[in-house]
S.K.: 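I'd like to ask some things about the structure below.
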Amino acid sequence: MPSTNVKALSESTKDKLKQGIGHLEAFLNQHTLPMLAVDDQSQETELFYKGLLSDLRHLLAFSEVAYEKLGVAIRRPNFDNEFAERILYEVYHQCVNAFFYPKNECYSEDGRYAYTGQDAIRFRRKPINSARDIVLTVSKVYEELRDDLAYYENDYMTQRRMQGQK
């Protein structure tokens, strides 16, 4: 991939991560487990929200680290194409995958809805509106990142391996 494309992709990825980070931080700073599980005090509901909060905190941490790394790559006097591509690969495999494949599986993407204009995110339990809204809001950011960085899902490593064999 030409370095001008990688630099532009790095800048747009950084901007999208910043947007996702802002939404996640605002939600996590304003909501606690007792606030989310206020309507239903069952153990299953508590476990659902514990898992959701844990997954969102992991996503936030991965996104913040990637955001900082992209900032370093972009600010370098001589843009290092390889370094930036490695970070973009990490964004795909850590941030995007952390969103779409959350450890606690409180929500998942149902691909049947992805192209219908409906929300493709399905929750294991019906969450309160604020929890539902944060996941759906950041889903748009991480969907865009997934589309932008699709090359880094498989093709990037295949190309790197082929370069190593030459």
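Excluded from the calculations below are hydrogen atoms, water molecules and symmetry mates; all remaining heavy atoms, backbone and side chain alike, are included.
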S.K.: Report whether Leu28 and Ile21 are members of the same hydrophobic cluster (ILVMFWY, side-chain heavy atoms less than 4.5 Å apart, transitive linking).
M.R.: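 Linked within one cluster.
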S.K.: When rounded to the nearest 0.5 angstrom, what is the spacing between SG in Cys95 and CD in Glu90?
M.R.: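 The SG atom of Cys95 sits 9.0 Å away from the CD atom of Glu90.
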S.K.: Please report the interatomic distance OG1(Thr45) to NZ(Lys126), rounded to the nearest 0.5 Å.
M.R.: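 Interatomic distance, Thr45 OG1 to Lys126 NZ, rounded to 0.5 Å: 12.5 Å.
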S.K.: Let me know which of Val91, Ile87, Leu70 forms a side chain to side chain contact (heavy atoms under 4.5 Å, CB included) with Ser10.
M.R.: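 Of all the options given, the one that passes is Leu70.
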S.K.: Among pairs that include at least one residue of residues 52-66, which meet salt bridge (charged side-chain N to carboxylate O under 4.0 Å, His left out), considering only residues two or more places apart or in two chains?
M.R.: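 Of all non-adjacent pairs touching residues 52-66, none passes salt bridge (charged side-chain N to carboxylate O under 4.0 Å, His left out).
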S.K.: Under a plain distance cut-off of 3.5 Å, with no hydrogens placed, do Glu85 and Tyr152 share a side-chain donor-acceptor pair?
M.R.: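 Glu85 and Tyr152 do have a side-chain donor-acceptor pair below 3.5 Å.
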S.K.: Could you walk me through whether Thr32 and Leu53 pass the side-chain contact (heavy atoms from CB on, under 4.5 Å) test, one step at a time?
M.R.: CA-CA 8 Å; Thr32 62; Leu53 288 171; over 6 Å; no
S.K.: Enter the distance from Ile128:CD1 to Ile134:CD1 here, rounded to the nearest 0.5 Å.
M.R.: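 Ile128 atom CD1 to Ile134 atom CD1 measures 12.0 Å (nearest 0.5 Å).
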S.K.: To the closest 0.5 Å, what do you measure between NZ (Lys16) and OH (Tyr67)?
M.R.: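 One finds 14.5 Å between NZ of Lys16 and OH of Tyr67.
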S.K.: Not counting sequence neighbours, which residues clear side-chain contact (heavy atoms from CB on, under 4.5 Å) with Glu44? List them please.
M.R.: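 For Glu44, the residues satisfying side-chain contact (heavy atoms from CB on, under 4.5 Å) (neighbours in sequence not counted) are Ser42, Arg125.
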S.K.: What I'd like to find out is whether the side chain of Ser130 reaches to under 4.5 Å of the side chain of Leu36, using heavy atoms alone.
M.R.: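 Yes, side chains in contact.
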S.K.: Kindly write out the residues that satisfy salt bridge (Lys or Arg N to Asp or Glu O under 4.0 Å) with Asp80, not counting sequence neighbours, or none if the list is empty.
M.R.: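 Here the qualifying residues are Arg76.
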S.K.: Would Phe62 and Val65 satisfy side-chain contact (heavy atoms from CB on, under 4.5 Å), going step by step from the backbone distance to the final call?
M.R.: CA-CA 5 Å; Phe62 289 142; Val65 168; over 6 Å; no
S.K.: Hey, could you give me the NE2/CD distance between His93 and Glu153, rounded to the nearest 0.5 Å?
M.R.: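 Reported value, rounded in 0.5 Å steps: 6.5 Å.
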S.K.: Does Tyr92 have any ring pair (Phe, Tyr, Trp, His ring centres under 6.0 Å) partners at least two apart in sequence or in another chain, and if so, which?
M.R.: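 Tyr92 satisfies ring pair (Phe, Tyr, Trp, His ring centres under 6.0 Å) with no other residue.
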S.K.: Distance check, rounded to the nearest 0.5 Å: Leu47 atom CG versus Leu52 atom CG?
M.R.: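 Reported value, rounded in 0.5 Å steps: 12.5 Å.
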S.K.: With a 3.5 Å distance limit and no angle check, can you tell me whether Ser54 reaches the backbone of Gly51 through a side-chain donor-acceptor pair?
M.R.: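 Such a contact is absent between Ser54 side chain and Gly51 backbone.
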S.K.: List in chain and number order the residues that pass side chain to side chain donor-acceptor pair (under 3.5 Å) with Lys50, two or more places apart in sequence or in another chain; answer none if no residue qualifies.
M.R.: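 Glu46.
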S.K.: Looking at Arg124 and Asn104, would you say the former's side chain and the latter's main chain have a donor-acceptor pair under 3.5 Å?
M.R.: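 Pair found, side chain donor or acceptor close to backbone of Asn104.
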S.K.: Does CD belonging to Glu105 count more than 12 external heavy atoms closer than 6.0 Å?
M.R.: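 No, because the 6.0 Å sphere around CD of Glu105 holds 12 heavy atoms or fewer from other groups.
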S.K.: Begin from the C-alpha positions of Leu88 and Tyr151 and carry the test side-chain contact (heavy atoms from CB on, under 4.5 Å) through to its verdict.
M.R.: CA-CA 10 Å; Leu88 292 171; Tyr151 167 76; over 6 Å; no
S.K.: Please list all pairs meeting ring-ring contact (aromatic ring centres under 6.0 Å, His included) that have one or both residues in residues 8-49, counting only residues at least two apart or in different chains.
M.R.: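 For residues 8-49, and leaving out neighbouring residues, the ring-ring contact (aromatic ring centres under 6.0 Å, His included) pairs sorted by first residue read Phe27-His31.
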S.K.: Starting from Met35, can I reach Val135 by hopping between I/L/V/M/F/W/Y residues whose side chains sit under 4.5 Å apart?
M.R.: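 No, because Val135 and Met35 fall into different hydrophobic clusters, even though each may have its own neighbours under 4.5 Å.
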S.K.: Does Tyr107 use its side chain to pair, donor to acceptor, with the backbone of Phe99 at less than 3.5 Å?
M.R.: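 Checking the backbone N and O of Phe99 against the side chain of Tyr107, a donor-acceptor pair under 3.5 Å is found.
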S.K.: For the hydrophobic clusters of this structure (ILVMFWY residues joined by side-chain heavy atoms under 4.5 Å, transitively), does one cluster hold both Leu59 and Phe100?
M.R.: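 Yes; tracing contacts between hydrophobic side chains, which count when under 4.5 Å, links both residues.
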